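Model, not experiment: these values are computed from the prediction.
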Amino acid sequence: MILRELLTHLPKAVASGNLDQVAKTVTADSRKVKPGSVFVAIRGDEADGHKFIESALEKGAVAIVAEKAPAADYKEKAVWIHAAETRKVLGVVAAAIAGDPSSQLKVVGVTGTNGKTTTTFLLHHIMQTVWMRAGLLGTIKVDNGLEVKEATHTTPSAEVMQSELATMLENGCRGVAMEASSHGIAQSRTDAVKFDAAVFTNLSQDHLDYHGSMEAYYEVKKSLFAGLAQQTGKKKPIAVINYDDRFGEKLVKELGDDVSVVTYGMGAHCDYKISKIRQSVRGTEFQLDNRGKSFLVRTPLIGRFNVYNTLAAIAGASAVGIKARDAVKALTEAPQVPGRMEIVGVREGATVFVDYAHTPDALENACATLRDLEPNKLITVFGCGGDRDALKRPLMGEAASEGSDLCLITSDNPRSEDPEAIIKQIEAGMKNKAYRAIVDRQEAIRTAVNVAAKGDIVLIAGKGHEAYQQFADETVDFDDRKIARWALRDKPVAAPPKETFQKKDSFKRDRYQDEKPERREGEKPEYQRPEKYGERRVGEQRGDDRRGDRRDQRSGDKRDFRGGDRRDDRRGDRRDNGGRRFEGRDRDDRK
């Protein structure tokens with residue numbers, strides 16, 4: 001794009017220099033500047049981009065956009081564009097250079113404290129099913145229609161976002177579902193995006209370390225919807241709002257007639273009304289009423305909060321022209337959202353779920369959802385992140401203790417803070433329920449899985465899809481789902497002794513400790529049974545084995561399954577089904 005043309009998108013800016021040069025890219029990171037780049041200097045919380053102008057010039061920047069005028073001795077190494085609020089300008093310039101892709105796509109933005117990721121996943125699934133190809137921008141991944149990659153931010157920077165949208169358009173996507181975080185909105189990353197619809201899921205306490213108060217947090221969310229009224233172009237954007245949420249109800253009233261509003265919830269006056277909710281471990285179904293029509297919605301997701309997420313996706317899809325009937329049909333095969341009430345496995349009758357719940361409201365809803373499945377006990381593993389909103393920590397403890405039978409408080413991305421100090425703050429809200437503090441998250445997960453008996457549910461909350469844990473001096477690989485699967489695999493058959501949970505610093509005694517184990521009275525676990533059972537003890541070798549002489553189920557012929565000569569090494573001499581011998585100890589030799 002010619003700089004002279006680019007300047008028409010910045011009517012209040014003042015420029016000096018040769019405007020007939022070509023701008024190829026735009027960035028606010030001086031390290032990413034290359035010949036033909038426009039460098040936008042932004043005053044950030046940690047660094048001021050104006051200090052890196054010289055570095056950008058040395059790397060071949062064709063233009064500088066800054067909030068201050070050039071120095072008197074500036075020799076016009078590049079075009080200097082003097083503009084106010086360069087953070088907002090970045091999005092405008094990025095959209096212009098990318099060809100304003102959002103104006104040619106059906107764009108639905110989803111914001112709220114909880115439910116953004118699930119709602120965008122469901123919305124993206126509907127779009128893909130109906131349109132064949134659609135884009136996704138969110139916390140977990142970026143799908144440009146042809147390729148999927150891991151996301152680095154919930155809402156990427158303005159220049160990255162516009163570049164991704166341009167790629168989606170080029171790849172044949174008709175629409176895109178994107179998450180709009182409060183940080184992304186506050187930092188103007190979404191300002192230049194032309195939305196067809198914006199969805200409000202809910203608002204509860206989170207990110208107060210950044211926003212300062214719930215009122216300020218709400219105002220940031222509101223600005224996304226207020227901006228729909230000032231949006232230029234041919235689109236007539238729609239605000240899709242959860243009217244059952246108190247902040248959603250407030251938002252509807254304050255928007256008034258400035259924006260076209262569609263509501264969803266259980267209220268009689270909602271445009272998309274839900275009723276007759278029924279759920280099981282296999283999924284949820286409910287009745288949806290809209291414009292005089294009723295639909296039976298079935299989804300494999302569980303939880304009342306996922307009913308709201310599903311409804312938000314249907315309403316958002318309808319806002320961009322997809323028929324409600326087609327959206328409902330698509331959701332019967334909705335995908336499992338990674339780390340969002342994801343079932344990890346079952347062992348010895350105990351079921352383990354992993355969920356991203358990291359706010360008091362989300363944790364309360366997650367516990368309530370699993371309570372609806374009527375477990376014998378609900379065991380919850382959770383913590384709170386360091387260097388984040390500390391006010392929510394006792395509230396997290398209160399939510400977990402009220403919704404669970406047993407709790408394990410552990411670390412969750414402690415960052416620069418002392419994890420034990422964070423746990424102490426959580427304990428203040430525990431309401432004297434049975435709990436134990438275990439700083440090591442892996443140990444906490446393994447303990448919870450080992451404690452769980454038949455009919456119990458374990459909820460591992462807080463990190464969800466995250467595959468890392470952040471400490472003061474390092475970030476290590478850590479995935480709750482992998483740890484839980486390992487714990488399930490290694491879960492002992494025998495229940496731990498009662499004394500484990502009778503110490504002062506352990507779980508307080510509760511009514512579940514007197515339950516009888518599954519084995520008959522006096523029966524030992526499998527690995528402790530005597531020889532008369534015809535089984536070896538753990539680590540014991542025998543010269544014979546009655547299990548070694550069995551008949552092939554297909555032919556009835558006798559076959560030797562013992563694996564060869566056991567006199568030296570059971571693994572050293574093995575035969576396959578054709579009688580061929582495998583030498584050596586490495587099992588991978590067979591491949």
Side-chain angles (χ1 to χ4, degrees), residues 106-130 134-143 151 154-155 175-182 184-185 190 193 195-204 206 221 224-225 237-245 247-248 251 262-266 270-272 274 283-284 286 288 297 299-320 322 324 327-328 330-331 333-342 355-359 361-362 365-366 369 464-465:
K106 297 287 188 180
V107 183
V108 182
V110 182
T111 195
T113 305
N114 303 308
K116 294 188 299 296
T117 299
T118 300
T119 301
T120 52
F121 256 75
L122 296 176
L123 186 55
H124 177 246
H125 173 71
I126 294 171
M127 289 178 173
Q128 275 191 321
T129 302
V130 177
L136 173 67
L137 284 169
T139 301
I140 299 176
K141 67 180 183 180
V142 175
D143 186 339
T154 297
T155 306
V176 56
M178 62 174 287
E179 295 185 50
S181 67
S182 59
I185 298 169
T190 61
V193 177
F195 292 99
D196 291 85
V199 178
F200 178 87
T201 60
N202 52 63
L203 195 72
S204 61
D206 198 15
K221 296 290 190 183
L224 176 67
F225 297 87
I238 298 172
V240 179
I241 300 174
N242 177 4
Y243 200 63
D244 288 354
D245 183 86
F247 285 101
L251 181 59
V262 168
T263 60
Y264 66 93
M266 299 187 73
C270 291
D271 297 302
Y272 290 82
I274 47 178
T284 307
F286 61 91
L288 164 62
V297 182
T299 171
L301 306 182
I302 65 171
R304 183 174 292 266
F305 59 90
N306 273 327
V307 171
Y308 281 91
N309 294 334
T310 301
L311 195 58
I314 294 172
S318 297
V320 292
I322 295 175
V328 169
L331 289 171
E333 297 181 357
Q336 168 66 60
V337 184
R340 269 61 176 179
M341 202 53 72
E342 181 177 352
D355 191 70
Y356 192 54
H358 62 284
T359 67
D361 181 64
N365 286 331
T369 291
H465 68 284

*Separation between CG of N365 and CZ of R304, rounded to the nearest 0.5 Å*: 9.5 Å
*Could you give me the CA-CA distance, side-chain angles and deciding distance for I302 and M341, then say whether side-chain contact (heavy atoms from CB on, under 4.5 Å) is met?*
CA-CA 8 Å; I302 65 171; M341 202 53 72; 3.7 Å; yes
_Point-to-point distance, once rounded to the nearest 0.5 Å, from NE2 of H124 to CG of L137_ = 9.5 Å
*Mark yes or no for whether T113, through its side chain, and S204, through its backbone, hold a donor-acceptor pair below 3.5 Å.*
yes
*asked:* With side chain to side chain contact (heavy atoms under 4.5 Å, CB included) as the test, pick out the partner of R340 among N309, N114, T117.
replied: T117
*Main-chain N/O of T284 paired with T299 side-chain donor or acceptor, under 3.5 Å*: no
*asked:* Testing the basics here: between I140 and P338, what is the closest heavy-atom pair and its distance to 0.1 Å?
replied: CD1-O, 3.5 Å
_V297 vs V307 side-chain heavy atoms within contact, under 4.5 Å_ = no
*Taking atom OG1 of T120 and atom NE2 of H125, what is their separation to the nearest 0.5 Å?*
13.5 Å
*Atom OG1 of T310 and atom CD1 of I274: how far apart are they, to the nearest 0.5 Å?*
9.5 Å
*Start with the C-alpha gap between T190 and M178, add the side-chain angles, then the distance that decides, and say whether side-chain contact (heavy atoms from CB on, under 4.5 Å) holds.*
CA-CA 10 Å; T190 61; M178 62 174 287; 4.2 Å; yes
*In terms of side-chain heavy atoms, does D244 have a donor or acceptor partner in Y308 at a distance below 3.5 Å?*
yes
*Would you indicate whether the side-chain heavy atoms of H358 and D206 approach each other to under 4.5 Å?*
yes
*Would you check if there is a donor-acceptor pair between the side chains of D271 and T263 at a distance under 3.5 Å?*
yes
*Between F195 and V108, what is the shortest heavy-atom contact and its length?*
CD2-C, 4.4 Å
*What are the two closest heavy atoms between C270 and G265, and how far apart are they?*
SG-N, 3.7 Å
*For the residue pair V240 and F200, establish whether any side-chain heavy-atom pair is separated by less than 4.5 Å.*
no
*asked:* Keeping S181 on the side-chain end and G184 on the backbone end, is there a donor-acceptor pair under 3.5 Å?
replied: yes
*Over all heavy atoms of both residues, which pair between T201 and G112 is shortest? Give the atoms and the distance, please.*
OG1-CA, 3.3 Å
*Which value, rounded to the nearest 0.5 Å, describes the distance between N242 atom CG and T119 atom OG1?*
9.5 Å
*What distance separates L288 CG from Y264 OH, expressed to the nearest 0.5 Å?*
12.5 Å
*Taking the side chain as every heavy atom from C-beta outward, state whether F121 and K141 have any atom pair closer than 4.5 Å.*
yes
*Over 12 non-hydrogen atoms of neighbours within 6.0 angstrom of CD in E333*: no
*How far apart are the closest heavy atoms of D355 and A366, and which atoms are they?*
OD2-CB, 4.1 Å
*Among side-chain atoms of Y272 and S318, is any donor-acceptor pair under 3.5 angstrom?*
yes
_Please give me the minimum heavy-atom distance between A313 and I126, naming the atom from each residue._
O-CD1, 4.0 Å
*Answer yes or no: is there a side-chain heavy-atom contact under 4.5 Å between V328 and I314?*
yes
*Evaluate the side-chain proximity of S182 to K221: yes if any heavy-atom separation is below 4.5 Å, no if none is.*
yes
_Within the structure provided, determine whether H465 and T139 are in side-chain contact (heavy-atom separation under 4.5 Å)._
yes
*Taking C-beta and beyond as the side chain, do F286 and M266 meet within less than 4.5 Å on heavy atoms?*
no
